[in-house]
Each structure stands twice: as structure tokens, then as C-alpha cells.
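Have a look at the structure below before the remarks.
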Number of protein chains: 2
Amino acid sequence: MLETLGNKWVYLVVCALRRGRLRNGELARKLEGITPKMLTQTLRILERDGIVRREIFPVIPPRVEYELTELGQNLAGLLNQIRSWSEQHVPDIKDARARASMESQEDSVARG
Amino acid sequence: MLETLGNKWVYLVVCALRRGRLRNGELARKLEGITPKMLTQTLRILERDGIVRREIFPVIPPRVEYELTELGQNLAGLLNQIRSWSEQHVPDIKDARARASMESQEDSVARG
DNA sequence: CGGCATCCTAACGGATACTG
DNA sequence: CAGTATCCGTTAGGATGCCG
């Protein structure tokens, strides 16, 4: 589960689909920087896990739409919780990191 | 942030430290299967981010203890939320996966 | 006991080109 | 437009050995 959550694109795709169904190309544009391969791969994972539903329209040119399932929307809620926690505490983490790098600088100076 | 959460060992180390401070060796035994390298690496990340506090006792043989900071305990709370969400919904995901693999089997049969 | 340095491989993510 | 196949560089993670 954590593996899934930790996946960079999983988060972004779920967020992109929060406001409604989207076509493959629309997703590709929204997630600027994602390669077709990663997009498809991510969508396959999410589809397999019942988080995203895939609908194919048998027309030419091809048309495929993706949307969150109920489970997917539920997951989006969890991701929101994580996001709000982050907004609340990431400053602390940044402070800690800044302090940590300061100390290692001091160490260097002390040694030098 | 999600990268940190997605890290397998981060989760396990934080959980292991939930009930109190532990020595390096105790952690190594609790997290059966972790290599010394990964344990140290994980602890360094957590220490740098202000999630874990490291206390060194200048004795022989060396003694080092780790414990969660306030921020760390807070993070443990978030991990709990994630865990309870998982317990609630992972069965759904498993069902979805089982169904998905069933269908791919049917596909094979249909092709074969 | 705690921790670091080194080496190595397996896997992941990305770029590209191609198919229906 | 949607999706696949192939190649490749990077890197995460594991095994090993040495030091204070």
C-alpha cells in the first residue's frame, strides 16, 4: 500500500482525476512531463487495483476515458489528509534539514 | 514527503520506535531482515528531518539510543491513519486485483 | 557495538520510435 | 489518439569487509 502511495505518478494521476473523468491525452497534458509509458503504466496499476475505471469508446480515432471509482475517491480523501499534514509539518522538516546542513558545515569549518 | 512515506524502512523504523527509545541493535533485531547499512541510512534520514533524536553514550562498548521527536510522534499518528485506511480498504484492492488476474486468465483462454 | 566505505546487481524511470 | 516495444542511464538496495 505504502509502495503505491509513494509512487510519484500515482499521486498526481489521482489528483488530476479528482474533478472528473479525463481522456488519456488530457491527462498527459495535465501531468506535464509524464511520458506516455509512465502514464499508461500508472493507469494500469490503478485500474488493476480498482481505483480507476477505464471506458473505451469504439470509435475512430480511438477515445478512452478514465475516472475514479468510489474507492479511488476515497483514496483521494486519504491523499488530502496526507497533503494537509504535509503543509502543516513540512516547514518543521525543512527547518530540521537546514539546521542539519548548518551543523555539517560547522563540522567542516572546525576540521579545516 | 511522499517519497519519505513511501520508503519501506521509514515506516517500519518509526513504528518500531513508537513505544519508546531503542538501541541500534534492538532496532536491528526488531526489524528482522534489515541490513545494517539500510538501518543506519534510514536513521540518518529521519534524524536529518527532525523525526528521530539520536543520543550517544560515551561508554565502551558504544551505546546509541534512538527515539521519536515530537514531530516523529506526530508522523506516527499520520502513519496510523494510513494504516487504518489500509485495513479498511485493502480487501477491496485485493478483490480488484483478484478479479483483474481472473480476467487476464480468461483472456488467455479465449485466445488459446 | 555502532557505523562507514566499497563494490555490485536488479529494477525503475525516461527517451525514442513504432503500431492499430 | 491511445498504446506498445525497445533501449539505456541512474540509482536504490544488498553483501562484504574494515575501523573506532
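Just so we're on the same page: letters track the sequence lines, and every chain starts at 1.
Scanning residues 1-14 of chain B for heavy-atom distances under 4.0 Å to DNA chain D yields B/Trp9.
Checking side-chain atoms of A/Asp49 against main-chain N and O of A/Ile51 turns up no donor-acceptor pair under 3.5 Å.
At whole-Å resolution of the value, CG in A/Asn24 and C1' in D/dC1 are 8 Å apart. Atom CD in A/Glu65 sits about 17 Å away from atom C1' in D/dG3, given to the nearest Å. Going from atom CD1 of A/Ile60 over to atom P of D/dA2 covers 14 Å, rounded to whole Å. Rounded to an integer number of Å, the gap from A/Glu26 CD to D/dC1 C1' is 11 Å. Remark: P of C/dG13 and CG of A/Leu31 are 15 Å apart, rounded to the nearest angstrom. Whole-Å rounding puts the B/Met38 CE to D/dA12 P distance at 9 Å. Between the CG atom of A/Leu27 and the C1' atom of D/dG3 there is a distance of 14 Å, given to the nearest Å. Distance A/Leu22 CG to D/dC1 C1': 15 Å, rounded to the nearest Å.
In this structure, CG in B/Asn7 is found 8.0 Å from CG in B/Leu46, a value given to the nearest 0.5 Å. One finds the CZ atom of A/Arg83 at 12.0 Å from the CD atom of A/Gln88 (value rounded to the nearest 0.5 Å). With rounding to the nearest 0.5 angstrom, the CG atom of A/Leu75 is 9.0 Å from the NE2 atom of B/His89.
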Contact state string [nucleotides 15-20 of chain C, B base, S sugar-phosphate only, - no protein heavy atom under 4.0 Å]: B----B
What pairs of donor and acceptor atoms, side-chain ones from residues 10-21 of chain A against any protein atom, are under 3.5 angstrom apart with sequence neighbours left out?
residue : atom : partner : partner atom : Å
A/Arg21 : NH1  : A/Glu55 : OE1          : 3.3
A/Arg21 : NH1  : A/Glu65 : OE1          : 2.4
A/Arg21 : NH2  : A/Glu55 : OE1          : 2.9
A/Arg21 : NH2  : A/Glu67 : OE2          : 3.1

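Close to C/dC1, at under 4.0 Å from its OP1 or OP2, lies no side-chain N or O of B/Arg23. Listed pair A/Arg54 / D/dG3 meets the phosphate criterion, a side-chain N or O lying under 4.0 Å from OP1 or OP2.
Judged as a side chain to side chain donor-acceptor pair (under 3.5 Å), not a single pair has a partner in residues 22-37 of chain B (not counting sequence neighbours).
Among the atoms of the strands shown, none is found under 4.0 Å from any heavy atom of A/Phe57.
Within 6.0 Å of atom CD in B/Glu87, more than 12 heavy atoms from other residues, nucleotides or ligands are found, so the atom counts as buried in its surroundings.
If you chain together ILVMFWY residues whose side-chain heavy atoms come under 4.5 Å of each other, A/Phe57 ends up grouped with A/Val59.
Each of A/Gln41 and B/Thr40 lies near DNA chain C, and the nucleotide nearest B/Thr40 is the one positioned closer to the 5' end.
The side chain to side chain contact (heavy atoms under 4.5 Å, CB included) check on B/Gln73 picks up B/Leu68, with sequence neighbours excluded.
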